[in-house]
Amino acid sequence: MLNLQLGIRHAVGKQGPITLDLKSSAFDPKEKVWTRFPPEGSKYTPPHSSCDFKWKDYCPQVFRTLRKLFKVDAADYMLSLCGDQALRELSSPGKSGSFFYLTSNDQYMIKTMKKSEVKIFLKMLRAYYNHVRSFESTLVTKFFGLHCVKLAGANQKKVRFVIMGNLFCSDYSIHRRFDLKGSSLGRTTDKPQTEIDEYTTLKDLDLNFIFRLQKHWYQEFQRQVDRDCEFLEQENIMDYSLLVGVHFRDTRDRLLTGGSFDSDCSRGSSPQLSRGDTDPNRLAKIKLGSNMPTRAERTIRKGDCEVQIMGEPTGEFYDVILYFGIIDILQDYDISKKLEHAYKSFQYDPTSISAVDPKQYSRRFRDFVFRAFQEDKFDL
């Protein structure tokens, strides 16, 4: 962690001129800068209490420009990642075995990466840059830096990691979180209902809401999901998810242990703005995927004999605030995924498995997402 913070402080401190029209050479995977950090310090690096290590910056000019595009202040960025308060390690929510760290202000997340993921990312970096530059409302993960720490000596261990935005950096508590892919095989939590809490990542078959967006936001949502999926499909990417965080505005509406609702709570049929929401500064912060006041309609699945990927609407509405974005965008449809698809297709319905080709994945993902998110027909 100390090595990582020393490296970031060094990398961000070297601010150079920023131009949005980057040369092709800036995106070259060979465009990387190695810096040695001896404990006693050097001409370019400070003395430190860690071991001797080398630090690698991948495509530094590109990520410096991305931070500018995403309106990240360099001083705030450095303070968030390299301040006195340590980074918090999170348990990995996925199967990748990656380690996750969160900054103390919750703004940034650091994820360790496999060499194969770094290769995929560098290969698609130019297309990613062009995409996020063209679409300010993109829902794909915001990436701010790609680095590597290599320990000196006999160990020679390399740790590669990426710095990205935390979707759930919010003034509001996230009461429920869902990871949605649009597939059904294995897409349910393995926790008993009594153990599900606000830190549990629920999946497609656990989803028990339809999120009803106001017309303007729904149209914007549709357009942006289409654009983002087209970009990922062109880059041969699959297995991504829509990560959704739900904040229940009325404390009486929060899910109780066992996944049930408080039966005594009053449920209004229209969204109510709380006094805090009349603050123009808070309203100005509402944007696609962040801080969005929404109505959630509860759904219920009928019977266990047939797996329903979406439940039936019940007419029970809850006032919620939503946070969402497209995550895990660094898995391409390589030979291992093709073999996984072939193997599982013999055992299960091929449409239910996660590992399918990017075109089919994109179509199925959109079909599901546009059933989970719908236009609110309620006339305000």
A.B. asks: Between the side chains of Thr201 and Asp179, is a donor N or O closer than 3.5 angstrom to an acceptor N or O?
C.D. replies: no

A.B. asks: With sequence neighbours left out, what residues match Ile174 under side chain to side chain contact (heavy atoms under 4.5 Å, CB included)?
C.D. replies: Phe168, Arg177, Tyr323

A.B. asks: How about CD on Glu136, more than 12 heavy atoms from neighbouring residues, nucleotides or ligands closer than 6.0 Å, or not?
C.D. replies: no

A.B. asks: Do the rings of Phe211 and Phe373 sit parallel, tilted or perpendicular, given the 30° and 60° boundaries?
C.D. replies: tilted

A.B. asks: Considering the options Phe121, Tyr129, Phe161, which one meets the ring-ring contact (aromatic ring centres under 6.0 Å, His included) requirement together with Phe143?
C.D. replies: Phe121

A.B. asks: For Asp57, give me all partners under salt bridge (charged side-chain N to carboxylate O under 4.0 Å, His left out), at least two apart in sequence or on another chain.
C.D. replies: none

A.B. asks: Please output the side-chain donor-acceptor pairs of residues 70-81 that fall under 3.5 Å, not counting sequence neighbours, one pair per line with the distance.
C.D. replies:
residue, atom, partner, partner atom, Å
Asp73, OD2, Ala75, N, 3.1
Asp73, OD2, Asp76, N, 2.9
Ser80, OG, Asp76, O, 2.8
Ser80, OG, Asn105, ND2, 2.7

A.B. asks: Using the side chain to side chain contact (heavy atoms under 4.5 Å, CB included) criterion, which residues pair with Lys150? Sequence neighbours excluded.
C.D. replies: Trp34, Lys54, Gln156, Lys158

A.B. asks: Would you name the heavy atoms of Lys203 and Phe178 that are closest together and state the gap between them?
C.D. replies: O-CD2, 4.3 Å

A.B. asks: Of the non-hydrogen atoms in Phe221 and Val369, which two are nearest, and what is the gap between them?
C.D. replies: CZ-CG1, 3.3 Å

A.B. asks: Using a strict cut-off of less than 4.0 Å between a Lys/Arg side-chain nitrogen and an Asp/Glu carboxylate oxygen, indicate whether Arg227 and Glu230 qualify as a salt bridge.
C.D. replies: no

A.B. asks: How close do Tyr240 and Ser362 get, counting heavy atoms only, and between which atoms?
C.D. replies: OH-CA, 3.3 Å

A.B. asks: Are side-chain N/O atoms of Ser25 and Asp28 paired as donor and acceptor at under 3.5 Å?
C.D. replies: no

A.B. asks: Output all residues satisfying salt bridge (charged side-chain N to carboxylate O under 4.0 Å, His left out) with Asp367, sequence neighbours left out; order by chain, then residue number.
C.D. replies: none

A.B. asks: Mind checking salt bridge (charged side-chain N to carboxylate O under 4.0 Å, His left out) for Glu233 and listing every partner two or more places apart, or none if nothing turns up?
C.D. replies: Lys359, Arg366

A.B. asks: What orientation do Tyr318 and Phe248 show, parallel under 30°, tilted 30 to 60°, or perpendicular over 60°?
C.D. replies: perpendicular

A.B. asks: Tell me whether the count of non-hydrogen atoms from other residues, nucleotides or ligands lying under 6.0 Å of NZ in Lys119 goes above 12.
C.D. replies: no

A.B. asks: Partners of His48 by ring pair (Phe, Tyr, Trp, His ring centres under 6.0 Å), sequence neighbours excluded?
C.D. replies: Phe53

A.B. asks: Please find the pair of heavy atoms, one from Ile237 and one from Pro358, that lie closest to each other, and give the distance.
C.D. replies: O-CB, 3.6 Å

A.B. asks: Does Ser116 have any side chain to side chain contact (heavy atoms under 4.5 Å, CB included) partners at least two apart in sequence or in another chain, and if so, which?
C.D. replies: Lys114

A.B. asks: Quick one: list whatever passes ring pair (Phe, Tyr, Trp, His ring centres under 6.0 Å) with Tyr58, sequence neighbours left out.
C.D. replies: none

A.B. asks: Between Lys111 and Glu117, is the closest basic N to carboxylate O distance under 4.0 Å?
C.D. replies: yes

A.B. asks: Are the charged groups of Asp21 and Arg133 less than 4.0 angstrom apart, N to O?
C.D. replies: yes

A.B. asks: The criterion is salt bridge (charged side-chain N to carboxylate O under 4.0 Å, His left out); which residues satisfy it with Arg363, sequence neighbours excluded?
C.D. replies: none

A.B. asks: Could I get the full list of ring pair (Phe, Tyr, Trp, His ring centres under 6.0 Å) partners for Tyr101, not counting sequence neighbours?
C.D. replies: none

A.B. asks: What pairs with Pro29 under side chain to side chain contact (heavy atoms under 4.5 Å, CB included), at least two apart in sequence or on another chain?
C.D. replies: Leu122

A.B. asks: Any idea which heavy atoms bring Phe365 and Lys181 closest together, and the distance?
C.D. replies: CD1-O, 3.6 Å

